[in-house]
Amino acid sequence: MPAASEKVRLRFAPSPTGYLHIGGARTALYNYLYARKNGGSFILRIEDTDEARSTDESLRRVMEDLQWLGLEWDEGPHPETLVDQGPLGPYRQSRRLAIYRSVAEELLRAGKAYYCFMTDAEIEAQKQQAQQEGRHQHLNSPYQEWPLERSLERIKAGDSAVVRFRTSVGKEYVLHDLVRGEVRFPSDMVGDFVLLRSGGMPVYNFCCVVDDHLMKISHVLRAEEHLPNSLRQMMIYESMGWELPRFGHLSLVLDEDRKKLSKRRGATSCHEFKLEGFLPEALNNYICLLGWSHPEEKEILTGTELIDAFSLDRFHPAGAAFDIAKLRWINATHLRAKSDDEIWRLIDPFLKEAGLKLPEDPAWHKRSVAVFKTNLETLVDAVELYRPISDPHFAIVPEGQETLAWESSRKVIETWKGLLQAETSDHLTGEGFLKLQDRVKEMAQVKGKFLFMPIRVAVIGKPHGTELKILVPLISRHSLIQRAEKCLS
RNA sequence: GUCCCCAUCGUCUAGCGGCCUAGGACACCACCCUUUCACGGUGGAUACACCGGUUCAAAUCCGGUUGGGGACGCCA
């Protein structure tokens, strides 16, 4: 248990191998929330020891996503320059290699680690055998007891070796987990694991411990899949005589099939949700509630409310399935709470992206948002809502053609057009439209669907859709006349 | 296969031995509002996986079974 005087320091440690995925975002959020709630620090550390997969491009993406979510870090690479900021850097593991090597040497000298010259084939064979015999797939290295000097000589002779940690046998490790309580691991749950690859590059479990210790991390909130890693890490802490941080192993975020949400399966990155028109505050709100609950069961929470309410004692240990319908609802709720101006500002880029041509008038923007916002769940929903209004997108669908083919339709539309031409204002009001519609009814001597549907086609090109009383006032009279003419030709 | 974790409505969850004939939210259904949608309102259906204990009392504690998930890498 860290001393009370010790500062609360949490980190998020992604590997830059793609976009930030939703499970990672949730982990980052919890760490961020706890740091903020307790006046501590939130550190971004980059776990880029997998040279083959780590790229600066991915790193930038991950940082962009984090920033989009509003999870600002106090220490770590600067979002633009990537230059490390903070007293305990560098914060990219690829820049800390010398540190890991010196710790590895210390373990080697103390006999807590050893060089292993096993080939992949030898390892594979042992694994196969272990599986057949129904044992743990542990490796039993013949080099375990080699004196350091002997190994060093062999290396000097040109052989390459990995450095393995010597795991203890017959012991029990007890982890006091923040979300799971006491977790007991038999020490032989894991085999001698690699600390340094044959090229000298350290691996995750090792870097993680060294960095968490050196960066004075007080709490580690990470996904449940790391539970076995925590055992390995506890062993390293123990052999270095370092104090353990507090661990909390979060339940996993599962997909609709209750399988681990995986990067490979796609459709799970934070970035995609941004593109689909979700609000960062809504995404934070939703993912926070996957495996954690508000003490009063409040479900709609802003960023600050999340910080205020956050605590470590309300995690639910079971895996949680991601439910897009609920995310949509939360998103809609956050969206509708905004002012019409703000909503326009948010949907505008999506409308432009879709190539919609809409009036520039701010008053019109506001008016349109006022009528559409109860139909908006995500920002992209706006595209389909506004599409019928955009002149270049006016097209008569086949079903609309059928409506126009009715005997009475031509007369209805001609009447409608004539009445529009007799008007003077740029835009009709909802009431004005209803009056006009009534006059068409009288003059053309039709009613029911024979009245409504042709007019609708003359307005939006299809016989079904949003209420005309709402739509018509958003389309200029001039444009309505043109649309009617198109139907007549 | 081995080890670890988990188990309340379809989904997210509340519940931490009596307030539970199990509460909320999303989704679903019905009705109301509204001359179509949406929003909003009201109501409804739906869950403690199973079996044993412990206890005066168990969704809550213990054991087992079953089911689900995760980990078994020179990935993180």
Side-chain angles (χ1 to χ4, degrees), chain A residues 13-17 24 47-54 93 116 118 120 123-124 127 130-139 160-164 175 177 179-180 183-186 188-191 193-205 207-208 222-232 249 251-252 254 256-260 263 286-287 289-300 313-314 316-330 332-333 336 371-377 381 385 434 437 449 452 456 464-471:
Chain A
S15 60
T17 55
E47 313 225 320
D48 55 352
T49 53
D50 184 349
E51 293 172 292
R53 295 197 306 150
S54 302
Q93 293 184 329
C116 173
M118 286 179 85
D120 288 349
I123 293 168
E124 188 53 34
K127 248 178 29 184
Q131 171 124 352
Q132 267 174 20
E133 291 168 16
R135 293 184 285 111
H136 291 294
Q137 296 176 28
H138 285 172
L139 154 127
S160 64
V162 299
V163 174
R164 282 187 193 279
L175 174 63
D177 192 86
V179 353
R180 266 147 240 282
V183 180
R184 290 169 183 281
F185 302 106
D188 64 341
M189 185 175 145
V190 296
F193 54 94
V194 170
L195 258 23
L196 255 37
R197 291 178 248 235
S198 51
M201 196 57 145
V203 303
Y204 165 74
N205 276 305
C207 299
C208 187
R222 53 160 58 138
E224 184 189 9
E225 54 189 323
H226 284 291
L227 226 25
N229 286 330
S230 293
L231 202 218
R232 295 185 180 93
H249 289 86
S251 64
L252 259 17
L254 309 172
E256 57 282 4
D257 303 325
R258 300 204 70 84
K259 295 266 185 286
K260 183 170 79 156
K263 262 186 226 182
Y286 177 68
I287 60 183
L289 260 20
L290 282 178
W292 181 85
S293 62
H294 186 276
E296 287 137 44
E297 283 198 88
K298 280 184 73 175
E299 303 215 81
I300 299 296
D313 56 5
R314 298 197 59 85
H316 188 78
F322 193 89
D323 179 13
I324 190 79
K326 185 137 186 183
L327 205 213
R328 289 183 71 90
W329 172 75
I330 288 182
T333 310
R336 285 175 202 139
V371 305
F372 283 141
K373 73 169 165 189
T374 56
N375 290 282
L376 280 179
E377 283 194 314
D381 290 347
L385 253 17
L434 291 180
Q437 195 179 46
K449 72 171 189 176
F452 302 127
R456 186 184 289 281
H464 304 285
T466 309
E467 202 177 340
L468 287 183
K469 193 175 87 180
I470 288 171
L471 234 31

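To find a chain, count down the sequence lines: A is the first, B the second, and so on, and within it residues start at 1.
- Across all strands, A:Val190 comes closer than 4.0 Å to no nucleic acid atom at all (heavy-atom distances).
- Protein atom CD of A:Gln132 is 14 Å distant from nucleotide atom P of B:rU2, rounded to whole Å.
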Dump the intermediate steps for side-chain contact (heavy atoms from CB on, under 4.5 Å) on A:Leu471 and A:Phe372, then the final yes or no.
CA-CA 9 Å; A:Leu471 234 31; A:Phe372 283 141; 3.8 Å; yes
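- For B:rA76, its base sits under 3.5 Å from the side chain of A:Asn229 at one donor and acceptor pair at least.
- Using the six-membered ring where Trp is involved, A:Tyr204 and A:His226 have ring planes that are tilted, between 30° and 60° apart.
- Taking 3.5 Å as the limit, the base of B:rG23 and the side chain of A:Glu297 contain a donor-acceptor pair of atoms between them.
- If you measure from atom CG of A:Leu254 to atom P of B:rG10, you get 17 Å, rounded to the nearest angstrom.
- For A:Pro186, counting side-chain heavy atoms from C-beta on, the closest listed nucleotide (B:rG1, B:rG15, B:rC4) is B:rC4.
- Phosphate contact (OP1/OP2 of B:rG73, side-chain N/O of A:Lys127, threshold under 4.0 Å): present.
- Residue A:Arg456 is in base contact, counting any heavy-atom pair closer than 4.0 Å across all strands shown.
- To the nearest angstrom, C1' of B:rC3 lies 8 Å from NE2 of A:His138.
- Of the side-chain N and O atoms in A:Lys260, one or more sit less than 4.0 angstrom from OP1 or OP2 of B:rA71.
- Using N1 to N3 plus N6-O4 or O6-N4 for Watson-Crick, or N1-O2 and O6-N3 for G-U wobble, each under 3.5 Å, B:rG73 pairs with nothing.
- Checked against B:rA27, B:rG70, B:rC74, the side chain of A:Ala325 finds its nearest nucleotide in B:rA27.
- Note on A:Thr49: only backbone sugar-phosphate atoms sit closer than 4.0 angstrom, heavy atoms only; bases stay farther off.
- A donor-acceptor contact under 3.5 angstrom links the side-chain atoms of A:Lys326 to the base of B:rA25.
- What you find for A:His138 and A:Val190 is that their closest heavy atoms are NE2-C, 3.2 Å.
- Spacing between atom CD1 of A:Ile330 and atom P of B:rG24 amounts to 18 Å, rounded to whole angstrom units.
- Note on A:Arg232: every side-chain N or O is 4.0 Å or more away from OP1 and OP2 of B:rC3.
- Counting to the nearest Å, the C1' atom of B:rG10 and the CZ atom of A:Phe322 are 17 Å from each other.
- Between the CG atom in A:Leu289 and the CZ atom in A:Arg314 there is a gap of 10.5 Å [rounded to 0.5 Å].
- Heavy atoms of A:Val194 sit under 4.0 angstrom from primed sugar atoms or phosphate atoms, though from no base atom.
- Two residues are said to be in side-chain contact when any heavy atoms from C-beta on lie closer than 4.5 Å; A:Arg222 and A:Cys208 meet this criterion.
- Across B:rA7, B:rA76, B:rC39, the shortest atom-to-atom separation from the side chain of A:His226 is found for B:rA76.
- Going from atom NE2 of A:His316 over to atom P of B:rG24 covers 18 Å, rounded to whole Å.
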Kindly determine whether A:Phe452 and A:Gln437 satisfy side-chain contact (heavy atoms from CB on, under 4.5 Å), including the steps that lead there.
CA-CA 8 Å; A:Phe452 302 127; A:Gln437 195 179 46; 3.2 Å; yes
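- Each of B:rU36, B:rC5, B:rC39 was ranked by its minimum atom distance to the side chain of A:Arg336; first place goes to B:rC39.
- Ranking B:rC37, B:rA25, B:rC39 by closeness to the A:Glu467 side chain, first place goes to B:rC37.
- Comparing atom distances between the A:Val203 side chain and each of B:rC26, B:rA71, B:rC74 picks out B:rC74 as nearest.
- Comparing B:rU34 with B:rA25, their C1' atoms sit 26 Å apart, to the nearest whole Å.
- Closest-nucleotide positions on RNA chain B for A:Val179 and A:Ser251 were compared, and the one nearer the 5' end corresponds to A:Val179.
- Picking from B:rG10, B:rU36, B:rC74 the nucleotide with the shortest atom distance to the side chain of A:Arg164 gives B:rC74.
- Look at A:Ser198 and you won't find any side-chain N or O under 4.0 angstrom from OP1 or OP2 of B:rC74.
- Here the OG atom belonging to A:Ser230 is positioned 2.5 Å from the NE2 atom belonging to A:His249, to the nearest 0.5 angstrom.
- In terms of polar N and O atoms assigned as donor or acceptor, the side chain of A:Ser15 never comes within less than 3.5 Å of the base of B:rA76 in a complementary pairing.
- The distance between atom CG of A:Leu227 and atom P of B:rA76, rounded to the nearest whole Å, is 19 Å.
- Separation of the C1' atoms belonging to B:rG18 and B:rU2 is 43 Å when rounded to the nearest angstrom.
- Taking the C1' atoms as reference points, B:rU60 lies 11 Å from B:rU8, given to the whole Å.
- Atom name P, nucleotides B:rC9 and B:rA49: the rounded distance is 7 Å, in whole Å.
- To the nearest 0.5 Å, atoms CG (A:Asp50) and CE (A:Met201) are separated by 8.5 Å.
- When heavy atoms are screened at a 4.0 angstrom cut-off, A:Asn375 is found touching base atoms of the nucleic acid.
- The residue A:Gly291 sits close only to the backbone: its heavy atoms come under 4.0 Å of sugar-phosphate atoms, none of a base.
- Pair check for B:rC26 finds B:rG10; Watson-Crick or G-U wobble, both atom distances under 3.5 Å.
- Distances shown here put a side-chain N or O of A:Arg258 below 4.0 Å from the OP1 or OP2 atom of B:rC12.
- Nearest to the side-chain atoms of A:Ser293 among the listed nucleotides B:rU13, B:rC4, B:rA76 stands B:rU13.
- Between the CG atom of A:Leu175 and the P atom of B:rC5 there is a distance of 10 Å, given to the nearest Å.
- For A:Met189, taking side-chain heavy atoms from C-beta onward, the closest of the listed nucleotides B:rG15, B:rC26, B:rC3 is B:rC3.
- With RNA chain B read from its 5' end, the first of the two nearest nucleotides for A:Leu252 and A:Asp48 is the one closest to A:Leu252.
- Comparing B:rA76, B:rA7, B:rA25 against the side chain of A:Ala318 picks out B:rA7 as the nearest.
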